[in-house]
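Have a look at the structure below, then the notes.
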Amino acid sequence: MIIFRPPPPLYFGYLSIREYMQDKDSGKLYALIPQTKALNLVRDPISVLKSGINFRRKRLQVAQEENLSLTLEPDFICENLIGYNGFDTQKNESTFGKGDEPCFETIRGSLKYNFTDFHDTDLRKALINIADEDILCIDMSDIVGEKAFETMNTLAKEFHFPAPKPSDKEKFEVNVSYYEGLLPLVFRIQTEQESIALHLIDKIFAFDERIYVKVPVDEVDIWQHKKALDNFLDITQFLFQQECFYERIIVCIEKKDFEILKQDTKTCEQIKTYLLTFIPRLEEQRKIEESKKISEEQILQYLGTHKELAFEAKVVFARHLEFLSSVRPDIIESWKYYQEFLQICEEMR
């Protein structure tokens with residue numbers, strides 16, 4: 001089984017996916033993939049743009065370096081923690097994580113560097129050993145919320161992997177990006193004996209050995225789940241006599257560091273005092289960032305007033321969807337925002 005997605009941008013910098021596919025060496029790579037079943041996860045292109053515009057990155061350097069300190073004011077950390085992607089029209093290039101809020105100009109970067117968003121047809125052509133009938137296309141709406149559990153059961157039968165347990169149903173309904181960009185955070189703390197690391201994480205990434213504790217988005221964002229589950233302890237109950245904060249936030253520490261911390265009453269009290277201020281401030285920041293989000297309706301309004309950009313997007317979307325339109329046109333027809341976008345383009349002709 002393979003899942004339709006291009007290699008990460010690390011391999012080909014800022015080339016478009018089409019340019020990458022045309023490279024002779026990349027062609028050899030895809031030719032090595034044998035005949036197999038494949039899963040093509042698809043989504044309304046306007047919703048894809050929305051995710052790109054609203055994507056949150058850690059901007060604060062000390063947070064990226066996992067070197068936060070209890071001496072830093074919670075307001076300073078939270079106000080400077082998140083950055084958004086943008087697009088420098090003068091340099092004609094994307095900017096990553098520098099903006100204070102989501103930016104419509106990010107659309108230009110998504111269309112220009114379409115290696116992660118709008119690549120399906122080019123990727124399909126590169127997978128020369130896979131037949132159309134071996135590709136299962138499903139819409140993003142089928143793996144979100146209440147539908148996710150049943151979809152995973154269906155895919156388990158189709159691709160012969162272990163089906164989720166009935167007890168897993170609630171987990172599949174969780175919004176995993178709830179604290180995107182905000183968590184995890186690592187505080188470096190000096191105890192009486194030595195420096196230790198305290199980890200604030202979203203507990204949904206720590207409940208199961210099958211789940212990655214931390215999603216690898218940036219190079220600094222990699223935390224392997226096996227290491228976390230083997231070497232880390234949830235000490236929220238130890239510090240605060242409660243399981244978590246806001247149903248999601250927990251405090252973790254390496255086992256070896258916990259042996260040091262629990263003997264240092266003074267440092268424990270300092271941590272408790274600080275986090276009882278910091279965690280509510282972080283939750284407040286989450287709500288602030290949520291309020292900044294741009295909707296599909298706003299994107300359609302923007303494209304409706306930027307004719308050249310709208311027609312550029314129309315061309316990119318059409319090429320991206322060539323394969324899907326040949327096998328599952330019904331999915332495309334079901335996309336509310338894409339159909340509204342096509343109508344907008346028609347009216348602007």
Side-chain angles (χ1 to χ4, degrees), residues 1-9 17 37-56 85 102 106-107 109-111 113-124 127 132 134-159 161 163-164 168-181 204-205 211-212 215-217 290 293-300 303 313-314 316-342:
M1 168 188 173
I2 66 165
I3 298 177
F4 263 35
R5 59 172 295 178
I17 191 67
K37 288 186 177 183
L39 174 64
N40 187 14
L41 179 63
V42 297
R43 190 181 189 188
D44 187 317
I46 305 303
S47 296
V48 172
L49 290 179
K50 182 193 72 170
S51 291
I53 290 172
N54 293 321
F55 179 69
R56 303 193 296 241
N85 296 339
T106 305
I107 295 171
S110 295
L111 299 178
Y113 306 121
N114 49 61
F115 44 72
T116 57
D117 294 335
F118 307 115
H119 61 262
D120 281 12
T121 296
D122 291 309
L123 184 56
R124 171 69 194 101
L127 297 169
D132 286 356
D134 288 331
I135 299 172
L136 176 64
C137 299
I138 64 169
D139 187 58
M140 178 68 77
S141 62
D142 290 326
I143 63 165
V144 174
E146 294 181 358
K147 290 185 177 181
F149 181 75
E150 292 305 321
T151 298
M152 290 305 296
N153 275 286
T154 300
L155 293 177
K157 295 175 184 177
E158 182 73 24
F159 293 101
F161 61 80
D168 291 336
K169 189 176 188 299
E170 185 177 343
K171 299 171 186 177
F172 280 94
E173 298 176 4
V174 172
N175 176 4
V176 297
S177 61
Y178 198 67
Y179 286 102
E180 179 182 72
I204 68 165
F205 293 115
I211 306 298
Y212 281 88
V215 180
V217 174
E290 284 292 313
K293 282 187 173 181
I294 290 173
S295 67
E296 286 98 342
E297 290 84 1
Q298 289 173 301
I299 293 171
L300 290 173
L303 291 173
K314 187 173 184 288
V316 171
F317 295 162
R319 180 173 178 83
H320 163 63
L321 296 172
E322 282 178 13
F323 169 68
L324 184 63
S325 64
S326 70
V327 293
R328 288 293 307 274
D330 59 301
I331 293 180
I332 298 175
E333 291 168 3
S334 73
W335 287 337
K336 175 180 184 290
Y337 301 110
Y338 182 59
Q339 295 304 321
E340 290 182 15
F341 168 73
L342 293 178

Check: Can you name the nearest heavy-atom pair linking I107 to I299, along with the distance?
Finding: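 Looks like CD1-CG2, 4.1 Å.
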
Note to self: Looking at every heavy atom in both E173 and G145, which two are closest together, and how far apart are they?
What the structure shows: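 Of all heavy-atom pairs spanning E173 and G145, the closest is CG-O, 3.5 Å.
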
Inter-residue atom distance [X].[atom1] - [Y].[atom2], 0.5 Å rounding:
X: H320; Y: D122; atom1: NE2; atom2: CG; answer: 10.5 Å
X: S326; Y: L321; atom1: OG; atom2: CG; answer: 10.5 Å
X: I138; Y: L155; atom1: CD1; atom2: CG; answer: 5.0 Å
X: L49; Y: L111; atom1: CG; atom2: CG; answer: 6.5 Å
X: S110; Y: I53; atom1: OG; atom2: CD1; answer: 7.0 Å
X: L41; Y: D120; atom1: CG; atom2: CG; answer: 9.0 Å

Margin query: Just to verify, what does F317 make a ring-ring contact (aromatic ring centres under 6.0 Å, His included) with, not counting sequence neighbours?
Written below: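 Per chain and number, F317 pairs via ring-ring contact (aromatic ring centres under 6.0 Å, His included) with F118, F341.
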
Going by side chain to side chain contact (heavy atoms under 4.5 Å, CB included), name the residues that satisfy it together with [X], two or more places apart in sequence or in a different chain.
X: S177; answer: N175, E180
X: E290; answer: R56, R286, K293
X: A156; answer: F161, A163

Checklist line | Partners meeting salt bridge (charged side-chain N to carboxylate O under 4.0 Å, His left out) with D142 (sequence neighbours left out) | finding: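 Result, salt bridge (charged side-chain N to carboxylate O under 4.0 Å, His left out) vs D142: K147.
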
Next item on the list: Decide side-chain contact (heavy atoms from CB on, under 4.5 Å) for N40 and F323; before the verdict, give the C-alpha distance in whole Å, the side-chain angles of both, and the deciding distance to 0.1 Å.
Entry: CA-CA 10 Å; N40 187 14; F323 169 68; 3.9 Å; yes

Item checked: Donor-acceptor contact present, side-chain R319 to main-chain E322, <3.5 Å ->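 Not at all, since once roles are kept as given, no pair shorter than 3.5 Å links the two residues.
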
Notebook entry, point to check: Do any pairs count as a side-chain hydrogen bond (donor to acceptor under 3.5 Å, both in side chains) and have a residue in residues 332-342, sequence neighbours left out, and if so which ones?
Noted result: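 Applying side-chain hydrogen bond (donor to acceptor under 3.5 Å, both in side chains) to every pair that reaches into residues 332-342, excluding sequence neighbours, yields D139-W335, E297-Y337, K336-E340.
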
